[in-house]
Each structure stands twice: as structure tokens, then as C-alpha cells.
Amino acid sequence: MKNRINQLLQQVQDMQATNAEELENLRIKYLSKKGEITALFGDFRNVAADEKKEIGMLLNNLKLQAQSRIDELKEQVAARTQQEEKQDLTRTPDPIALGTRHPLSLVREEIIDIFSHIGFTVAEGPEIEDDLHVFGMLNFAPEHPARDMQDTFFINKEKGIQKPTDILLRTHTSSVQTRVMTSQKPPIRVLCPGRVYRNEAISARAHCFFHQIEGLYIDKNVSFADLRQAMLYFAKEMFGPDTKIRLRPSYFPFTEPSAEMDISCNICGGKGCSFCKNTGWVEILGCGMVDPNVLESCGIDSTIYSGYAFGLGVERITNLKYRVKDLRLFSENDVRFLTQFESC
């Protein structure tokens, strides 16, 4: 029996368990009612009288060693289980790459930051608008042919001429300007960033939705010279100190006079290349002095106040800055495209 006790003692000291099931199997094998150590206690009655004291001490020590080892393994299994429960088994085994800001977001924030340095604050409005704020207050008469310049997504519209109550997806963020002018008193100096919608065929050069930032400044004695200086400041801050601008006469229903603004091509430096079609100039925005009719329709006295407005497409500026040729890349969320802006 002494040899058997020594064998079991060695087995007890070598016991290992990685989970609760294995641990329970070891306890049953050695310490249950039908376990091997319990069986030795049953055979103890057959031990000679002169050996009972020594064998008894060895049996008790074996049982204590077995129980101690079981308790030790129990603690190890519990600690391992707790650690495993903290691990997220749904995570991919591959390292998760860090994301990056979207190029449109990068450019949008840069534009806002530039104009914030000269006093512009951000104003926002709803994307689902009524005809009054999108067209009516901006000098678009119901039968005005300029309405055909923008293919509009109407949500509900009666047949015939548009009405102020018609609901539509805004075609420009100028609708935010009308809301600001009707709710605030001059001086007003706001930027209106946001997404706009037009019913156009999707291609590399056009999309049915895109992003605009429009600016509005109204105060006493605001002149076209103030507009030109603000646009020159923006161009130099956005594209570099050597950037030049030119203003070409144009037409918008809500500004008079109106102009399109070009910048010297930031790729060839104004010398002429394929990007600027060898003209040395690239168009980036439209602007002009706010039409007095717009001021009056918004409750602002045009004999006291004047102002300028401008609007630019964020995608257009992003194309110039990062030379992205296909507008569809901005909305497809292809990670191969987005990872190119990790260092921006």
C-alpha cells in the first residue's frame, strides 16, 4: 500500500486542468466516494497493526495534498475564465486599421476655419425645405426662367406654377441665408455649409447630391470692394500666397451685380496646362452683391443695409486641392481611396 500511496501522491502533484470540466474529472477520480484515494481508505482495515500508524499518516497527507492541489487548480481555472470573458471574441484576428477624416470633411473644416478668422460664424438649416425659402425669398418669381437652372427634387408639388408651400429638397444652402435674414438683425456674417440635392445624372463630373458652403455678409456700407478683398483672402489662404483671382460678370437672381471667380491654376501656376485647359485660370465659386429685392423680402431695409454673398462647392475645392477626378469616389466609401488621406 505504501508504494500505491507514493504513486498517487506523484500523480496528485502533477495534476493539470485548463477548464472546469477537466478539474471536476480530477476531483471525481481521486476524491469522490468511488475515487482512488477513498478506495485506499477502504483498504486501510487490512493493514497490519504495527503499520497502521505510519500508513494512516501517509493516507491523510495524500488526501490533504490532493485537496490542496484541486483548490489551487480551481483558482487558476477561475482566473483564466475571467480573463477570457474580458476578451472580445467578435473582433477580427487581424489588426484593426485606424480610420481617417473624409476628404470632404477636411476641406469643409478648412474653409470654415479660414472664414472664421474674419468674423464668419456657422449657420445651419433643414435639408427638406419649402419653396418660399429656397426660391421665393431669393428673387425667383414663380414663372422665373432661372428656376430651370436647377433641377429640383420636389417632395410634394401641385401641377402648374410652384407655390411657396411646395416642399422640396434644397438645391442650395441659400435657404439657410433667408432663414438667418428673417430671424436676425444686421450686422449678419454667416457661413452656411451643408448638403444639397439636384436631379442630375450621376457621372464623374456630376452627382445628385453634393456639398456647398455659402457665405453672407450684411451691414451698412458693404461694397463690392469688400467682397473682392474677402475672396482674395480666401484664395490665398486656401491655395497659397501666390494665388491670384479674377472676377467675371455673371448672373444670379439673388445678387446684383453677380460674378464668377477664377483663381490662377495651382498646378501650372497660371502658365497653362491640361487641368486649366491652357487658360491658366480655374473657376471655383460664384458671388455678388445681395439684390435689394432679397433684402426687402427678408424684412431688411435695403436703403440702410447692403451686403455680399458667395457660394462654392466643397467637392470642387477638394478636386483642386487633392486632384480627385471622379466625384463618385467621395460617396462610395472605398477604403482604398480614403486611406490616401491618413496624413492629411
Side-chain angles (χ1 to χ4, degrees), residues 1-110 112-113 124 127 193-195 209 211 318 322 324 326 328-344:
M1 178 176 281
K2 190 182 295 185
N3 291 336
R4 180 57 180 158
I5 291 174
N6 290 332
Q7 291 176 0
L8 289 177
L9 183 60
Q10 185 63 47
Q11 293 177 19
V12 165
Q13 293 173 347
D14 295 338
M15 284 193 303
Q16 297 292 335
T18 58
N19 53 54
E21 183 179 358
E22 292 179 359
L23 182 61
E24 179 62 14
N25 291 336
L26 289 174
R27 188 195 66 80
I28 293 173
K29 179 179 179 180
Y30 294 105
L31 296 175
S32 66
K33 291 182 178 181
K34 296 182 180 181
E36 296 185 25
I37 295 177
T38 305
L40 285 179
F41 275 94
D43 294 338
F44 181 70
R45 68 175 66 93
N46 300 323
V47 175
D50 58 339
E51 295 181 352
K52 280 186 178 293
K53 183 177 180 180
E54 180 184 4
I55 298 300
M57 293 176 64
L58 292 175
L59 279 175
N60 287 332
N61 180 63
L62 173 62
K63 185 175 181 181
L64 289 173
Q65 290 289 335
Q67 187 61 57
S68 177
R69 184 58 180 164
I70 291 292
D71 292 341
E72 182 181 351
L73 291 174
K74 187 176 182 180
E75 293 180 1
Q76 293 178 5
V77 169
R80 186 181 296 111
T81 302
Q82 185 178 10
Q83 182 65 27
E84 290 175 352
E85 289 175 351
K86 292 181 180 179
Q87 296 177 354
D88 183 3
L89 300 180
T90 64
R91 289 184 60 181
T92 172
D94 299 324
I96 299 176
L98 294 177
T100 180
R101 299 288 301 279
H102 194 283
L104 293 181
S105 297
L106 292 169
V107 172
R108 175 183 180 273
E109 293 304 317
E110 185 175 359
I112 291 174
D113 183 63
E124 297 182 342
E127 295 182 6
R195 185 161 49 187
F209 73 87
H211 300 79
T318 307
Y322 297 117
V324 179
D326 193 333
R328 292 170 293 191
L329 291 171
F330 291 129
S331 56
E332 290 177 347
N333 288 326
D334 189 330
V335 295
R336 295 171 298 178
F337 169 70
L338 298 177
T339 51
Q340 298 178 53
F341 302 92
E342 287 180 344
S343 61
C344 298

Contacts of Phe209 meeting ring-ring contact (aromatic ring centres under 6.0 Å, His included) (sequence neighbours excluded), chain-then-number -> His207

Taking the side chain as C-beta and beyond, is there a heavy-atom pair between Leu59 and Lys63 under 4.5 Å? no

Output the distance between atom CG (Asn3) and atom CD (Gln7), rounded to the nearest 0.5 Å. 6.5 Å

Measuring from atom CD of Glu110 to atom CG of Asp113, what distance do you get when rounded to the nearest 0.5 angstrom? 8.0 Å

How about Gln67 and Asp71: does a side-chain donor come under 3.5 Å of a side-chain acceptor? yes

Can you sort out the partners of Asn60 under side chain to side chain contact (heavy atoms under 4.5 Å, CB included), two or more places apart, ordered by chain and number? Phe41

Indicate yes or no for a side-chain donor-acceptor contact from Thr100 to the backbone of Phe341 under 3.5 Å, with no hydrogens or angles considered. yes

Can you give me the closest heavy-atom contact between Met15 and Ala66, atom names plus distance? CE-O, 4.2 Å

Under 3.5 Å: donor-acceptor pair, side chain of Ser105, backbone of Arg101: no

Nearest 0.5 Å, please: how far is CG in Leu8 from CD in Gln65? 12.5 Å

Which residues pass the side chain to side chain contact (heavy atoms under 4.5 Å, CB included) test with Asp14, sequence neighbours left out? Gln10

Keeping to residues at least two apart or across chains, list the side-chain hydrogen bond (donor to acceptor under 3.5 Å, both in side chains) pairs with something in residues 29-41. Arg4-Glu36, Gln11-Tyr30

What pair of heavy atoms forms the shortest contact from Val77 to Thr18, and how long is it? CG2-C, 4.2 Å

Just jot down the side chain to side chain contact (heavy atoms under 4.5 Å, CB included) partners of Asn19, sequence neighbours excluded, or say none. Glu21, Glu22

Report the residues that fulfil side chain to side chain contact (heavy atoms under 4.5 Å, CB included) with Asn333, sequence neighbours left out, ordered by chain and then residue number. His102, Leu338

